[in-house]
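In the text below, chain A, chain B and the rest are named by the order of the sequence lines, each starting its count at 1.
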Number of protein chains: 2
Amino acid sequence: MTKEPTTSVAVSPAGEAVPLSSRATRAAERRAAIVDAAMEEFIARGFAATRLDDIAKRAGVAKGTIYLHFKDKESMFEELVRTVIVPVVAKLTALPPPTGSVRDLVEAFASNFLKEVIGTRRGDLVRLIVAEGPRFPSVADFYYREVVSRGIAGMRALIELGIARGEIRETDLARYPQILVAPAMIAVIWQSLFARHAPLDAQDMLRVHLDLIFGERRTT
Amino acid sequence: MTKEPTTSVAVSPAGEAVPLSSRATRAAERRAAIVDAAMEEFIARGFAATRLDDIAKRAGVAKGTIYLHFKDKESMFEELVRTVIVPVVAKLTALPPPTGSVRDLVEAFASNFLKEVIGTRRGDLVRLIVAEGPRFPSVADFYYREVVSRGIAGMRALIELGIARGEIRETDLARYPQILVAPAMIAVIWQSLFARHAPLDAQDMLRVHLDLIFGERRTT
DNA sequence: ATTTTATGACTGACTAGTCAGTCATTGTCA
DNA sequence: TGACAATGACTGACTAGTCAGTCATAAAAT
């Protein structure tokens, strides 16, 4: 079925020698415009209710052009998720220096997450995946494989380190890194759904949560 | 005016074995069948992708019948959410006796939540609300008003009691009852999306989380 | 001039919502 | 009690509209 990698993605081979506004470049720009527009529309309306005409209009492109880049609506959605998520994973995988206390590490993660995800388009994407996941097993699979399982593994490693160093009391926590992450996820969803009813100070909430796990912070 | 339909349930002679279908009863049954079918379909496909024909077929009813009970697809969805949620709220509002430790109370809540929500159709409904909320402000509003704000308030009261009684150390927790609830919500979502990849022992996870908040449990 | 890329009018499949007609149930009267 | 009339719940074929995907044509690049 969708075995095809679609139209050859303009992955320019390492070298460039090619003038900036080559075909490949233009194609890549158009593709990016389509991805951005699609992101916007899918987040606002969900998969089924999004019209390709709207995506095309927003991207400043004719509808037919979309089909030069994507096989159909479904695979566009799937590729969109991949396209947007991969760089985020890459960024998070670029681990910070293993210096300082575990709490500092976790806090670095948290503040990064706060800035890069909560209340941003990427946060909305998370909600979108939760929303459409059951109807797009391939998306859910991908997300689990690339983001969730890695994230859980990384958090577990951190927790174990924290336990080993005596920073974390509750040793069972290592079995459920989800607990460490849960408030952050809740914050993402809260901002999408209830921000207008009751804004949430995500940063402060995460701080309190970390106090709960690591104990009250002394002085820094 | 004897115009009243008088839901005359008494019409059926006591001894008769035919109380099967008065008009009113049948109507109520049909409405219930439609609500059930709609719930199933909306959960499986989301709002936009659900066909009224499918709901009708599943409910064993003609499409036109749906319109005798609901104005249109949108208000059907909205009423559906209300219909399903109200009894749950009622149940949770029936507070347990204020006996025992706060931890016991919270644990009672948790185990109730586990049994009644996580991994059930109601859990899927929560996911559905997260999914469709942004496109159905009225649903999100209703859910916030009837479930979220009450739940948060209730949890806050419990936390404050726990703090007053010395069961809970972290006094800032009262400002973010979301932290108390977060793992439970994550469990709901996890079961919907990732259960097949990595089943989650929600009960055990919640126990660990409560240990984190209340401190390790002594004896039971 | 030829090939590649882009366009947008067009098509056909699909579906929310309607409504004229049917008929089981209920009410009335002899 | 039985026959007949009134009611309105129920049906499903139909309408009007939508939208994913196509393709003949045009523009741009080479």
Side-chain angles (χ1 to χ4, degrees), chain A residues 1-2 4 6-10 12 17-34 37-38 41-42 45-80 135, chain B residues 1-13 16 18-34 37-38 41-42 45-80 135:
Chain A
M1 266 222 317
T2 52
E4 281 308 300
T6 68
T7 18
S8 59
V9 183
S12 65
V18 190
L20 281 176
S21 57
S22 71
R23 288 212 174 159
T25 305
R26 265 182 68 76
E29 278 166 2
R30 266 163 146 46
R31 196 193 149 95
I34 292 169
E41 294 289 328
F42 280 135
R45 314 179 125 73
F47 176 80
T50 291
R51 289 179 290 268
L52 289 190
D53 285 300
D54 290 345
I55 293 176
K57 190 193 281 183
R58 185 189 279 263
V61 146
K63 182 154 61 148
T65 306
I66 293 176
Y67 286 88
L68 299 176
H69 293 272
F70 302 95
K71 180 172 154 287
D72 58 16
K73 197 184 175 188
E74 277 203 22
S75 54
M76 176 166 70
F77 179 70
E78 292 170 2
E79 282 194 50
L80 164 76
R135 249 152 303 135
Chain B
M1 283 304 216
T2 47
K3 231 47 215 312
E4 281 306 301
T6 51
T7 340
S8 52
V9 186
V11 168
S12 60
E16 284 297 340
V18 194
L20 280 177
S21 52
S22 85
R23 289 251 248 235
T25 305
R26 261 180 74 76
E29 279 167 1
R30 272 173 139 53
R31 195 193 150 96
I34 292 170
E41 295 288 329
F42 280 135
R45 316 177 122 73
F47 176 80
T50 292
R51 289 179 292 265
L52 289 189
D53 285 305
D54 289 347
I55 293 176
K57 191 193 280 185
R58 186 188 278 264
V61 148
K63 181 150 63 142
T65 305
I66 292 175
Y67 287 88
L68 298 176
H69 293 272
F70 303 95
K71 182 172 151 287
D72 57 15
K73 196 182 175 188
E74 278 201 21
S75 54
M76 177 166 71
F77 180 70
E78 292 169 3
E79 283 194 49
L80 165 75
R135 251 150 301 139

Could you pull out the protein-nucleic contacts involving nucleotides 15-19 of chain D (nitrogen or oxygen on both sides, under 3.5 Å)?
{"residue": "D/dC19", "atom": "OP1", "partner": "A/R51", "partner atom": "NH1", "Å": "2.9"}

Atom pairs under 3.5 Å, N or O on each side, protein against nucleotides 11-13 of chain C: can you list them with distances?
none

Shortest non-hydrogen pair, A/A48 vs B/A48, comes out as CB-CB, 3.7 Å
Taken in chain and number order and not counting sequence neighbours, the residues that satisfy salt bridge (charged side-chain N to carboxylate O under 4.0 Å, His left out) with B/D53 are B/K63
Here DNA chain D, pairs taken as Watson-Crick or G-U under 3.5 Å and shown with ( ), [ ] when crossing and | when to another strand, reads ||||||||||||||||||||||||||||||
CD1 (B/I34) and CD (B/E41) are apart, to the nearest 0.5 Å, by 13.0 Å
Open item on the list: Side chains of A/E79 and A/K71, heavy atoms from C-beta outward: is any pair under 4.5 Å?
Closed with: no
Judged by nearest nucleotide, the residue sitting upstream toward the 5' end of DNA chain D, A/F47 or B/G60, is B/G60
In short, ring pair (Phe, Tyr, Trp, His ring centres under 6.0 Å) pairs touching residues 52-75 of chain B with sequence neighbours left out are none
To the nearest angstrom, the NZ-P distance between A/K57 and D/dA20 comes to 13 Å
With sequence neighbours left out, the residues meeting salt bridge (charged side-chain N to carboxylate O under 4.0 Å, His left out) with A/R30 are none
- prompt: Between B/R30 and D/dA9, does any side-chain N or O lie under 4.0 Å from OP1 or OP2?
  reply: no
Whole-Å distance, B/I66 CD1 to D/dA9 P, equals 16 Å
Separation of D/dA20 atom P from A/M76 atom CE, nearest Å, is 9 Å
Would you call the rings of B/F42 and B/F77 parallel, tilted or perpendicular if under 30° counts as parallel and over 60° as perpendicular?
perpendicular
Here the pair of heavy atoms bringing A/V61 nearest to A/I66 is CG1-N, 4.5 Å
Regarding the side chain of B/L68, the nearest nucleotide among D/dA9, D/dG21, C/dT7 is D/dA9
Note: B/K73 and B/T50 closest approach over all heavy atoms is NZ-O, 2.9 Å
Nearest heavy-atom contact between B/I55 and B/A37 is O-CB, 3.6 Å
All heavy atoms of A/R45 vs all of B/R135, minimum pair found to be O-NH1, 2.8 Å
A/Y67 atom OH is separated from C/dT5 atom C1', nearest whole Å, by 17 Å
